[in-house]
Amino acid sequence: MPQIVFLPHAKLCPEGAVVDAPAGKSLCDVMLENDIDIEHACEKSCACTTCHVLVREGFFSLDGALEQEEDLLDKAWGLEAVSRLSCQAIVGEVDLVVEIPKYTINQVSEASH
């Protein structure tokens, strides 16, 4: 079972986290199941960018992004070559290191209400 290292994020996981994740599960689901409450305003339907992450290690082990994800990523804050929408990035057999960007583009944040 691959291990995923989530780098520290001031609000979502201040200490960082290391979790075992079954292959075939989305990074978003892995985070939510491990109390890393990443935003997912579109309910994981690939219709926003609130679950944007940077896959610092293991990026090329993930299946490639589909055109819809690529189009949305162009709108994400802090876009990099290793950017993915966590709802679309499916864990494979390789360990990953994931960084959650400091900001997200969300007009109405569920966490702020």
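Computed from a predicted structure; not experimentally measured.
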Under 3.5 Å, side chain of N34 to main-chain N/O of V30, donor-acceptor pair present?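 Looks like yes, one N/O pair under 3.5 Å.
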H9 side-chain N/O to P101 backbone N/O, donor-acceptor pair under 3.5 Å: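 Yes.
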Within the 4.5 Å heavy-atom criterion, are [X] and [Y] side-chain neighbours or not?
X: R56; Y: V82; answer: yes
X: Q88; Y: Q68; answer: no
X: V98; Y: V5; answer: no
X: I100; Y: I36; answer: yes
X: R84; Y: F59; answer: yes
X: W77; Y: H52; answer: no
X: I4; Y: L27; answer: yes
X: E57; Y: D95; answer: no

Tell me the closest heavy-atom pair linking [X] and [Y], and the distance in Å.
X: C13; Y: L7; answer: SG-O, 3.7 Å
X: P14; Y: P8; answer: O-CB, 3.4 Å
X: E93; Y: A23; answer: OE2-CB, 3.3 Å
X: L85; Y: C46; answer: CD1-SG, 4.1 Å
X: P2; Y: G92; answer: CG-O, 3.0 Å
X: I38; Y: S86; answer: CD1-OG, 4.1 Å

Would you sort out whether K44 and D29 count as a salt bridge (charged side-chain N to carboxylate O under 4.0 Å, His left out), showing the intermediate values? CA-CA 9 Å; K44 304 180 272 184; D29 285 337; 2.6 Å; yes
I'd like to know if [Y] and [X] are part of one continuous hydrophobic network [Ile/Leu/Val/Met/Phe/Trp/Tyr, side-chain heavy atoms within less than 4.5 Å].
X: L54; Y: L73; answer: no
X: L32; Y: V91; answer: yes
X: L96; Y: V18; answer: no

Is there a side chain to side chain contact (heavy atoms under 4.5 Å, CB included) between V55 and V97 once you walk through the steps? CA-CA 6 Å; V55 183; V97 175; over 6 Å; no
Going by distance alone, is a donor N or O of one side chain under 3.5 Å from an acceptor N or O of the other, for T50 and H40?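 There is no such pair (donor and acceptor under 3.5 Å, judged by atom type) between the side chains of T50 and H40.
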Using side-chain contact (heavy atoms from CB on, under 4.5 Å) as the criterion, point out the one residue from E67, K75, E69 that pairs with D71.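 Answer to the side-chain contact (heavy atoms from CB on, under 4.5 Å) test with D71 among E67, K75, E69: E67.
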